[in-house]
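Contents: one structure, followed by commentary.
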Amino acid sequence: MSVRKLKDTVLVKISETAEKLFGQVPDQFEISFPPNTDLGHFAVECFGLAKQFRKSPAEIAKKITEKIAPDDVIQEANASGPYLNIKLFPDVLFGDVCSEIISENHKYGESSHGQGTRVMVEYLSPNTNKPLHLGHLRNGALGMSISKILEATGHWVVKANLINDRGVHICKSMLAWKRWGGNSTPESEGLKGDQFVGNWYVRFAQEADKIQNLEDDVQTMLQQWEAGDPETVKLWKTMNNWVYDGFAETYKNFGLEFDVFYYESATYKMGKDVIQKGLAKNVFSKDDHGNTVFHLPTAEFGQEKSGDAKKVTVLRPDDTSLYITQDIATSILKIEEHKLGFSIYVVGSEQEYNFKCLFQILSSLGYEWAKDCYHLSYGMVYLPEGKMKSREGKIVDADVLIAEMKKLAVAEIRQRDPEDRLSDNEINHRAKKISVGAIKFYLLRVRPTQTINFDPAESISFDGFTGPYCQYAYARICGILAKAHGRTNNVHGCDFSVLGNPEELLLLQKLIQFPEEVNNAVEEFNPSKIAVHIFNTAKAFNQFYNKHHVLRAENEKLVTARLMLIKATAVVLKKGLELLGIEVLENM
RNA sequence: GCGCCUGUAGCUCAGCUGGAUAGAGCAACGGACUUCUAAUCCGUAGGCCGCAGGUUCGAGUCCUGCCAGGCGUACCA
């Protein structure tokens with residue numbers, strides 16, 4: 001029997017008993033867990049039934065308790081005030097749950113809700129003028145995790161990266177390098193390509209304070225680029241490729257993957273065409289300054305003080321494009337190329353208004369799928385000194401953070417290996433998984449809408465509510481299973497009736513709950529649901545581990561049954577971490 | 001001004017569509033390694049859940065008003 005079926009069995013039983021008692025089939029009621037495991041394995045709140053049957057919740061709970069007939073699944077029922085607590089026979093409860101998890105293995109927790117739905121997750125979307133920073137890592141962790149969660153719920157996911165590769169800001173680093181860079185390359189300077197280009201972007205800002213015409217020169221360069229001037233285009237390609245090489249390294253280190261790349265340089269012209277067509281159809285209009293504008297419907301967007309509708313500029317008077325111009329085009333491209341059921345944009349909360357406008361414009365252009373576009377907005381990452389500002393050097397560089405975390409992980413691993421048994425290779429391998437896991441967990445453990453106040457000391461911690469804590473629980477289980485010598489091969493021959501202490505029950509409860517949490521996570525686009533639940537699962541395991549023996553349990557039956565329980569726990573921990581984009585280790 | 005987000009323990013956050021005594025981690029203090037990995041566990045201490053009303057048998061959770069902070073409010077991205 002599966003976990004779901006087990007719950008259904010209990011539901012049906014209660015439903016039937018209530019019908020016999022009150023002559024009516026109860027309306028829907030939910031099954032939950034009692035606050036502690038002594039009370040029972042499952043609980044039913046009788047408030048809803050109270051309304052339907054016009055009796056007090058306590059009375060209903062009591063009556064059902066008296067009438068419920070024990071069978072081969074339900075051991076006993078107890079009323080506790082308005083609550084009806086149910087105990088099952090341990091062999092059924094533990095046996096069914098563990099067997100299901102072990103036989104489903106990595107598929108446990110998955111569902112088919114999204115079967116046949118294609119969905120695009122656009123995330124990261126960096127500019128090619130500077131290296132990635134902590135904000136990008138939050139975006140990346142979120143984008144990857146959401147993609148994995150969607151896949152686990154049956155969706156076909158296309159992960160997209162929209163590269164902002166053109167514009168004045170890109171020209172700034174180009175200009176600085178052209179003027180002062182000489183023949184230097186990332187290679188000659190021993191720098192990652194994105195770091196190298198980023199340095200020239202900073203240099204531009206410094207020089208612009210001193211040199212008067214620099215801003216004008218950069219505008220000239222942009223015009224040259226738009227005109228297709230071969231030399232400028234060549235420079236642009238060269239520098240962007242340096243950046244891409246650098247980014248690729250960071251993606252690999254942090255475990256970010258993409259199926260498709262969109263480049264604004266390739267879509268901005270299409271954006272202009274779409275605007276022109278819209279202008280012809282009167283979706284857009286020209287304002288007094290020559291801007292091409294869109295009037296937002298006052299019903300949803302309100303109005304200006306003057307009483308006019310609010311407007312959004314989609315094309316400048318000289319017909320050069322804006323951010324939203326190319327975004328309109330990219331949105332259309334995405335849908336046309338990939339036949340999407342829905343489309344997610346993982347972008348910071350500061351752009352909420354822009355996306356609201358974008359989706360409205362798409363809708364007004366006649367694209368019905370605009371309602372299937374969803375802006376997954378997330379809060380900013382603040383440093384102790386305040387908001388990150390790349391121009392002022394007030395940033396946490398992604399590569400630096402990853403490298404520092406890795407150093408700390410290496411130190412921790414060495415401390416646990418006083419006899420120097422581990423090879424450098426092995427240490428490196430472990431440190432990588434641990435450090436990246438720590439960063440991702442730190443960024444994903446709070447709901448996306450929360451602003452994160454980046455606390456360096458807390459973020460580098462490997463104790464408590466962290467990724468390494470969860471990885472550690474998994475590694476401990478692996479250690480035990482490795483010494484079990486195949487005694488976990490036959491789940492169905494295992495006698496589970498010996499299990500049932502509070503620690504075992506609590507752990508089992510977490511395993512039962514996992515699929516629901518995956519479901520909650522996908523419904524809310526909120527990976528923190530899984531992070532919190534995996535932490536609670538690891539914690540329940542550690543509590544069990546500290547109080548009870550597995551391999552040295554009192555008798556062989558207990559050893560085998562506990563082995564099954566922890567094997568199932570390992571499955572859940574691994575799957576949950578995987579959905580967060582975090583890898584597990586068998587040794588730590 | 002308007003829109004969105006946030007306000008829960010000293011700090012960082014959970015708290016599912018209202019339901020059993022408001023939970024965790026960190027920091028503090030006190031304990032547990034001859035025992036399956038102490039990156040662990042146990043205990044102590046710490047809360048007018050921003051404030052004030054309202055709805056309800058029942059509110060941290062829903063409604064209204066206020067206070068404080070963040071972001072946005074278009075020819076930046």
Side-chain angles (χ1 to χ4, degrees), chain A residues 30 32 34-36 39 43 45-48 50-51 56-57 80-83 85 125 127 164 167-169 287 289-294 296 301-303 305 310-318 320 322-324 327 347-354 356-357 377 379-380 382 387 409 412-413 415-416 434 438 442 445-447 449-453 455 457-459 461-466 468-469 471-473 475-484 516-517 520 523-524 528-529 531-532 535-536 538-539 541-553 559 562-563 566 587-588:
Chain A
E30 257 308 307
S32 59
N36 69 66
L39 291 166
E45 296 166 2
C46 298
F47 301 100
K51 215 165 259 176
S56 81
S80 167
Y83 297 92
N85 296 317
S125 311
N127 294 351
N164 187 273
V168 216
H169 50 300
D287 74 1
H289 308 283
N291 290 307
T292 307
V293 297
F294 176 77
L296 294 159
F301 289 83
Q303 53 194 32
K305 281 175 210 146
K310 290 186 178 179
K311 56 189 185 183
V312 40
T313 304
V314 293
L315 224 46
R316 293 193 186 94
D318 60 357
T320 53
L322 288 100
Y323 181 78
I324 200 161
D327 245 16
V347 181
S349 61
E350 73 273 18
Q351 292 194 34
E352 266 166 26
Y353 187 67
N354 302 284
K356 217 180 149 196
C357 294
S377 163
M380 326 203 70
Y382 283 99
K387 193 177 177 176
E412 287 274 338
I413 294 164
Q415 216 175 59
R416 285 164 180 76
I434 293 168
Y442 178 77
R445 67 184 196 180
V446 300
R447 72 190 116 100
T449 48
Q450 269 285 353
T451 7
I452 292 181
N453 293 300
D455 177 344
E458 191 183 82
S459 71
S461 164
F462 297 157
D463 302 325
F465 187 22
T466 65
Y469 176 95
Q471 289 170 319
Y472 183 63
R476 273 178 149 180
I477 295 174
C478 288
I480 300 171
L481 292 178
K483 289 175 187 149
E516 263 174 64
E517 295 296 349
N520 290 340
E523 276 178 7
E524 297 172 31
S528 81
K529 292 279 171 189
V532 169
F535 169 68
N536 285 331
K539 196 179 158 191
F541 166 75
N542 278 326
Q543 288 169 333
F544 161 78
Y545 175 93
N546 270 278
K547 197 157 178 188
H548 307 286
H549 294 290
V550 177
L551 293 172
R552 255 167 277 152
V559 171
R562 283 184 177 164
L563 280 169
I566 65 167
N587 291 291
M588 267 176 88

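No hydrogens, no waters, no symmetry mates; every other heavy atom, side chains included, goes into these values. Numbered from 1 within each chain, the chains take letters A, B, ... in sequence-line order.
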Open item on the list: Check this one for me: any side-chain N or O of Lys483(A) less than 4.0 Å away from OP1 or OP2 of U37(B)?
Closed with: yes
- [ ] Nearest whole angstrom, please: distance from the C1' of U40(B) to the OH of Tyr472(A).
- [x] 5 Å
TODO: Select base, sugar-phosphate, or nothing to describe what Ile413(A) touches, counting heavy atoms under 4.0 Å on all strands.
DONE: base
- [ ] For nucleotides A59(B) and C51(B), find the distance between their P atoms and express it as a whole number of Å.
- [x] 15 Å
Open item on the list: Any base atoms under 4.0 Å from Tyr353(A), or only sugar-phosphate, or nothing? Heavy atoms, all strands.
Closed with: base
Task: Sugar-phosphate, base or nothing in reach of Phe301(A), heavy atoms under 4.0 Å - done: nothing
Open item on the list: How many whole angstroms separate atom CE of Met380(A) from atom C1' of A77(B)?
Closed with: 12 Å
TODO: With heavy atoms under 4.0 Å as the rule, sort Asp327(A) into base, sugar-phosphate or nothing.
DONE: nothing
- [ ] Would you mind classifying the nucleic acid contact of Val312(A) as base, sugar-phosphate or nothing, using non-hydrogen atoms under 4.0 angstrom?
- [x] base
- [ ] Decide, for C42(B), between syn and anti: a glycosidic angle within 90° of 0 counts as syn, anything else as anti.
- [x] anti
- [ ] Would you please confirm or rule out a distance under 4.0 Å between OP1 or OP2 of U6(B) and any side-chain N or O of Thr449(A)?
- [x] yes
Task: Pair Asp463(A)-Ser461(A), side-chain donor/acceptor within less than 3.5 Å - done: no
Open item on the list: Test of understanding: with side-chain hydrogen bond (donor to acceptor under 3.5 Å, both in side chains), list the residues that count as partners of Asn85(A), not counting sequence neighbours.
Closed with: none
Open item on the list: If I pick the C1' atom on A24(B) and the same atom on G60(B), what distance separates them, to the nearest angstrom?
Closed with: 16 Å
TODO: Check every strand shown and say whether Ile324(A) touches a base, only sugar-phosphate, or nothing at a heavy-atom separation below 4.0 Å.
DONE: nothing
Task: Parallel, tilted or perpendicular: ring planes of Tyr469(A) versus Phe535(A), cut at 30 and 60 degrees - done: tilted
Open item on the list: Tell me whether the side-chain N/O atoms of Arg447(A) come closer than 4.0 Å to OP1 or OP2 in A14(B).
Closed with: yes
TODO: Mind checking Pro57(A) for me? I need base, sugar-phosphate or nothing, with any heavy atom below 4.0 Å counting as a touch.
DONE: nothing
- [ ] For U21(B) and G47(B), measure between their C1' atoms and round to the nearest Å.
- [x] 14 Å
- [ ] Output yes when at least one side-chain N/O atom of Tyr382(A) is less than 4.0 Å from OP1 or OP2 of C71(B), else no.
- [x] yes
- [ ] Provide the distance between the two P atoms, one in C49(B) and one in A9(B), to the nearest whole Å.
- [x] 9 Å
TODO: Measure from CZ on Phe465(A) to P on A27(B) and round the result to the nearest Å.
DONE: 15 Å
Open item on the list: At 4.0 Å (heavy atoms only), tell me whether Leu296(A) reaches a base, stays on the sugar-phosphate, or touches nothing.
Closed with: base
Task: Phosphate OP1/OP2 of C76(B) contacted by Arg316(A) side-chain N/O (<4.0 Å) - done: yes
Open item on the list: Output the rounded distance in Å from CD (Gln450(A)) to P (G70(B)).
Closed with: 15 Å
Open item on the list: For RNA chain B, please output the secondary structure as dot-bracket, reading 5' to 3'. Pairs are Watson-Crick or G-U wobble, both atom distances under 3.5 Å; mark crossing pairs with [ ], other-strand partners with |, unpaired with a dot.
Closed with: (((((((..((((.....[...)))).(((((.......))))).....(((((..]....))))))))))))....
- [ ] Ignoring backbone atoms, test whether Arg416(A) places a side-chain nitrogen or oxygen under 4.0 Å from the OP1 or OP2 oxygen of U37(B).
- [x] no
Open item on the list: Without decimals, in angstroms, what is the distance between Asn354(A) CG and C76(B) P?
Closed with: 13 Å
TODO: Figure out the CD/C1' separation between Gln415(A) and A39(B), and round it to whole Å.
DONE: 10 Å
- [ ] Using a 4.0 Å heavy-atom cut-off across all strands, classify Ser80(A) as base, sugar-phosphate, or nothing.
- [x] base
Task: Span that lies between the P atom of G1(B) and that of C41(B), in whole angstrom - done: 48 Å
Task: Whole-Å P distance, A22(B) and A38(B) - done: 34 Å
Open item on the list: By the 4.0 Å heavy-atom rule, please label Asn164(A) as base, sugar-phosphate, or nothing.
Closed with: sugar-phosphate
- [ ] Using the P atom as the reference point in each nucleotide, state the distance between U61(B) and G15(B) in Å, no decimals.
- [x] 14 Å
Open item on the list: Does Ala43(A) reach a base, just sugar-phosphate, or nothing at all? Heavy atoms under 4.0 Å.
Closed with: base
Task: Gap between atoms CZ and P, on Phe462(A) and A38(B) respectively (whole Å) - done: 18 Å
- [ ] Please state the C1' separation for the pair G7(B) and U12(B) - nearest whole angstrom.
- [x] 14 Å
Task: Cation-pi, Phe541(A) ring and Arg476(A) (6.0 angstrom, 45 degrees) - done: no
Nucleotides 42-44 of chain B: which of its N/O atoms have a protein N/O under 3.5 Å away?
from	atom 1	to	atom 2	distance (Å)
C42(B)	OP1	Gln543(A)	NE2	2.8

Task: Nearest-angstrom distance from the residue atom OH of Tyr469(A) to P of C41(B) - done: 4 Å
- [ ] Considering just the side-chain nitrogens and oxygens of Asn453(A), establish if one lies under 4.0 Å of OP1 or OP2 belonging to C13(B).
- [x] yes
- [ ] Report the nucleotide, chosen from G25(B), A77(B), U37(B), that has the shortest atom-to-atom distance to any side-chain atom of Ile480(A).
- [x] U37(B)
Open item on the list: When you measure from the side-chain N and O atoms of Lys356(A) to the phosphate of G72(B), is any distance below 4.0 Å, counting only OP1 and OP2?
Closed with: no
